[in-house]
Amino acid sequence: MTAEAIAEAPVRPVEATPGKQPMIGAPVRRREDRRLITGQGRYLDDLELPGAYEAAFVRTPHASARIRSIDTTAAARLPGVIGIWTGADLPELVKPIPPKVSNPLLRDMPRYPLPPERVHFVGEPVAVVVAESRYVAEDAVELIEVDYEVLPAVSSTTAALAPDAPRVHDELDDNVAIHVTQVAGEPEEALRTAPHRLSERFVIARGGGHSMECRGVAARYDVGTGQLTVWPSTQSPHYTRNMLAYFYGMDEDDVRVVVPRDSGGGFGPKAQFHGEDAVIPYVAMLLRHPVKWIEDRSENFVATMMERNQVHHVEVGFDDDGKLIVVKNVFEHDQGAYCAGLQVPMITLSTLPGQYRIPNIHTELIGCYTNMVPTSSVRGAGRPQAVVAMERMMDRIAEHLGLDPAEVRLRNMIRADEFPYKVGLTFRDGSPLTYDSGDFPSLTKAVLARFDYDGERERQALARSAGRLVGIGLGAYVEGCGLGPYEGARLRLTNDGTVLVTLAATPLGQGYETIYAQIASDAMGLDMEHIAVATGDTSRIPFGQGSFASRTTVTAGSATLQAGRELREKIFEVAAVLLGAPAEELCFQGDRVCAGGDPGRSVSLRDIVQVSNIGKHGITMPRGVPAGIEVTSYFSPERASYASGIHAATVEVDPDTGQIKILRYVIGHDCGNVINPLLVDGQVLGGFAHGIGNALYEESFYDDAGQPQSASYLDYSLPSAIEVPKVELVHQFTPSPLNPLGVKGAGEGGTIPVPATIANAVEDALRPFGARITSLPITPAKVFAAMTATNHR
Amino acid sequence: MGPGVREPTTTVTVNGARLVANLDARVTLLDALRDRFGLTGTKKGCDQGTCGSCTVLVDGRRVLSCLTLFAQCDGRQVTTIEGLADHPLRAAFIKHDAFQCGYCTPGQIVSAAALIREGRAGRDEDIREYMSGNLCRCGAYPRILAAIREVASGAHA
């Protein structure tokens, strides 16, 4: 079957009720769409909090400094200023924010919401001003005088690891935050004896998430109930609640975190806990008055977590046929000023082997503290870098042996009959790195066919003979996704006869209101119009993790499926009593439960609610009718599932300017079963645009003193409509055996292999020069330097 | 607002409604629309004139409302996303799934509406070029392009 034919007939894993159109797998348009195109979306800054004060932060302009004193007297006199607090004024908040993911080997240094004495990166907040408006708050920030003792800083992992480097943290004797090595087989011995060995050093620049809506948090304290309501723009409402309860010493039920219905993108940084998240609700409690802080873009560029910066030293050993014997990769990861979490480098560590059978693996992380904003996950989360290390070397192997790079990949790929495949390493979820399912060779062949690989090579040869610099690149990857620990769904038949699906996870544009109604619809055999979805409110469901790591469809989707099936049974239990018919004879027809398909013997959902939920005051319920029609289900995957894919690109390099033009781009993608192909395609295409940014444009550049040099979109090139080329999609659907929907994550695969694919294509285009591309993003200046460095013609 | 700051009387017509306000002379059109007039459809993405999320029309021309002072708009006609209720771009954006989080979408639609009216949406290269000031991190560009192309060519009718 061709890939296109498969795309038209995605596997439908859930049996829908006979006669009912299945919703899982259908390209249903989003329920969210109408409000979003009419300007009726409700994002954080659109919430009405009448009279709310607004906050602004004083941020250090130095990358490393000791605070000698802060003078707020002039600012405090400014009319409209309500209050000013420095770190020293809020000793209750001088508690470290724990890393989101830790490790016993981590030398953790405390990250305070508002550090009272010592700052470690430009943009770190040192004081907060609350005023009647943001205009006044910003004026007051300008009037605050901070006296700093400026200290030397480091702003790259190379600088951090240099002998006699300034220390980011006074308490440590060097800048190494963590050093972890994972080994499979006998890599040192294998390297010694391999017939061929190649090595290279690759540098990947810092880049950010850059959601179009910046971060923000609003809070209101109700003295009467002692409850604090917090509206953050977060991907992880329950995590935020738990952190706030920890900071304030409050019961978790007294902290209600409500994510506004609409979120202007997340992409990773919003799944983290930043210092401002702890400060704003706290001052709202102190003031007994609502306070709102909406991050502006200038702050976002210096204070919101970033990712990507790594330096890889990779070495491969292989035989005459290009078969991999060993890979050894030692990489420096830029943790930033503090360790906000180890998820990213731990993912890089285990993503290295990718789609290949490699008997001997050495993968080693050196996590470094630097005087830059801390790093955490950004769409792709450590995977694009690992794919650069591996996939760039696959091309080098092909070049070394005079083989075709597609052929070298196919010779090394894990076969479809080898799943579940144990890699020999440990994934970041703590489980043995085991690929659940996939068919790498078949997807590769489908992509090569769509790409017309042989024809493309012929056209490349023709172009080259005409003096044009045209190159072809491939990039394959696996993506550990669908991570635990769990996610939940609470399904309830509400008193108006609607089934309400409540999720702890919160959407960032993925269309949860639609997708989870689709899943519940098939689980229950009930039409979607009778199903509503609510998200992102800790008071509606007690436990949750959040939307990150391409995990929500796997976890929350499976929980919705389980809960939907059970809710159907509960509803039918009541209907069976009311209709005097056995439950097996029942089915939904519209908003009614029918016995034997006879509309004359039916009962409406509202009637069922009357008996089961509302009841009669003091009257005994009919026997056999359960009270309160509600089911909460949590799904915990036994381990990560693995999505996979391969990209193919043709690029042309302008020899005069070094500019890179993408001529063709084909994406092959396998994320298992698909709930809504329309939305999955959107995720893949959107991820691709992000990958183009990482490959060619985006760099959060810091100078040697740790000063950010690309702190606006004039200097930080986010891809626009011009830069994102046309893409062709090839889908394959290999269900995951690890969850009942057979799904895998779809949110990041579009991003992951793009930098490696483009870099391979550019180096291929420059092969006549023998030029080497080893640094991302590939700017025209780097291309030009690579060409002139090796131009022997 | 701070003392001693001039608060000029400004009269603007927004989406056909005449609005009068005395605001601090520094208040941007964006903040006036959102905070004073409750028209929150227009979004603040960068407040630096670099992302396009706050695009509105002033006398039919595309402007970045974060870089435009409210007081500058005295006597002018302002159109926001809320004023494009019947524009065919809305249906086209839905049909082509041209957005995800929706935050940049009002700016994209306002910008595209002007582009089409100006007759600059004839070729894909032109649409890409003239829409390049409207950033979309969800990366829906190919679909935004498709939606604009369809409306510009009249194929939606």
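Because the structure is predicted, anything quoted here is derived from the model rather than measured. In what follows, every chain begins at residue 1, and chains take the letters A, B, ... in the order their sequences are listed.
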Taking every heavy-atom pair that is under 4.5 Å apart, which of A:Gly80, A:Gly41, A:Gly682, A:Gly265 has the most such pairs with chain B?
A:Gly682
Does a side-chain heavy-atom distance below 4.5 Å link B:His96 with B:Glu150?
yes
Applying a strict 4.5 Å limit to non-hydrogen atoms, the region of B:Glu129 in contact with chain A is both
With a 4.5 angstrom heavy-atom cut-off, which part of B:Arg143 approaches chain A: side chain, backbone, both or neither?
side chain
What residue, out of A:Arg379, A:Arg35, A:Glu698, A:Lys726, has the most heavy-atom pairs lying under 4.5 Å from chain B?
A:Glu698
Where does B:Phe93 contact chain A at under 4.5 Å (heavy atoms): side chain, backbone, both or neither?
side chain
Treating B:Tyr141 as the side-chain partner and B:Ala98 as the backbone partner, does any N or O pair qualify as donor plus acceptor under 3.5 Å?
no
For B:Ser132, which atoms come within 4.5 Å of any heavy atom of chain A: side chain, backbone, both, or neither?
both
Using a 4.5 angstrom heavy-atom cutoff, name the option from B:Gly41, B:Pro106, B:Cys138 with the most pairs to chain A.
B:Cys138
Can you tell me which of A:Arg42, A:His690, A:Glu723 forms the most heavy-atom pairs within a distance under 4.5 Å of chain B?
A:His690
Counting only non-hydrogen atoms closer than 4.5 Å, does A:Phe267 touch chain B with its backbone (N, CA, C, O), its side chain (CB onward), both, or neither?
side chain
Answer yes or no: does atom CD of A:Gln659 have more than 12 heavy-atom neighbours from other residues, nucleotides or ligands under 6.0 Å?
no
Interface check, chain A: of B:Met131, B:Gln48, B:Glu82, most non-hydrogen pairs under 4.5 Å belong to B:Gln48
Residue part contacting chain B, namely of A:Ala721, when any heavy atom lies under 4.5 Å:
both
Between A:Asp139 and chain B, with a heavy-atom cut-off of 4.5 Å, which part of the residue counts as in contact: side chain, backbone, both or neither?
side chain
Heavy-atom pair count under 4.5 Å with chain B, highest-scoring of A:Met212, A:Glu32, A:Gln510
A:Met212
Given heavy-atom pairs under 4.5 angstrom as the criterion, report whether the side chain, backbone, both or neither of A:Leu508 touches chain B.
backbone
Where on A:Asp296 is there a heavy atom nearer than 4.5 Å to chain B: the side chain, the backbone, both, or neither?
neither
Stepwise side-chain contact (heavy atoms from CB on, under 4.5 Å) check, A:Ser233 with A:Arg215:
CA-CA 6 Å; A:Ser233 181; A:Arg215 290 182 297 132; 5.5 Å; no
Relative to chain B, which segment of A:Arg30 carries a heavy atom at a distance below 4.5 Å: side chain, backbone, both, or neither?
side chain
Counting N and O atoms only, with roles assigned by atom type, does the side chain of B:Thr105 sit under 3.5 Å from a partner on the main chain of B:Phe99, one being a donor and the other an acceptor?
no
Residue pair A:Asn676 / A:Gln518, side-chain donor-acceptor N/O under 3.5 Å:
yes
Among B:Gly139, B:Cys101, B:Gly102, who wins on heavy-atom pairs under 4.5 Å with chain A?
B:Cys101
Checking heavy atoms, do the side chain of A:Gln40, its backbone, both or neither come under 4.5 Å from chain B?
side chain
Which answer fits B:Leu135, side chain, backbone, both or neither, if we ask what part of it has an atom under 4.5 Å from a heavy atom of chain A?
both
When you check the gap from the basic side-chain N to the acidic O, do B:Asp24 and B:Arg26 get nearer than 4.0 Å?
yes
Counting only heavy atoms closer than 4.5 Å, note whether A:Ser263 contacts chain B via side chain, backbone, both or neither.
backbone
Sort A:Asp262 into side chain, backbone, both or neither according to what part of it lies under 4.5 angstrom from a heavy atom of chain B.
neither
Under 4.5 Å, counting heavy-atom pairs only, tell me which of A:Gly511, A:Ser720, A:Gly209 racks up the most with chain B.
A:Ser720
Using a 4.5 angstrom heavy-atom cutoff, name the option from B:Asp35, B:Asp31, B:Leu39 with the most pairs to chain A.
B:Asp31
Is a donor on one side and an acceptor on the other found under 3.5 Å between the side chain of A:Asn300 and the backbone of A:Cys214?
no
Other residues, nucleotides and ligands only: do more than 12 of their heavy atoms fall within 6.0 Å of CD on A:Glu48?
no
Can you tell me which portion of A:Gln683 sits under 4.5 Å from chain B's heavy atoms? Options are side chain, backbone, both or neither.
both
Shortest non-hydrogen contact from B:Ser65 to B:Val56?
CB-CG2, 3.9 Å
Distance, nearest 0.5 Å, that separates CG of A:Leu714 from OH of A:Tyr716
14.0 Å
Contacting moiety of A:Pro507, where chain B heavy atoms sit under 4.5 Å
neither
Geometric class of the A:Tyr665/A:Phe688 ring pair [parallel <30°, tilted 30-60°, perpendicular >60°]:
tilted
Is it true that B:Arg34 and A:Asp45 have a side-chain N and a carboxylate O under 4.0 angstrom from each other?
yes
Parallel under 30°, tilted from 30 to 60°, perpendicular over 60°: which one fits the rings of A:His210 and A:Phe301?
tilted
Interchain contact, A:Arg134 with chain B, by part (heavy-atom threshold 4.5 Å):
neither
One thing to verify: whether A:Arg297 and A:Glu213 come together as a salt bridge, which I'm taking to mean a side-chain N less than 4.0 angstrom from a carboxylate O.
no
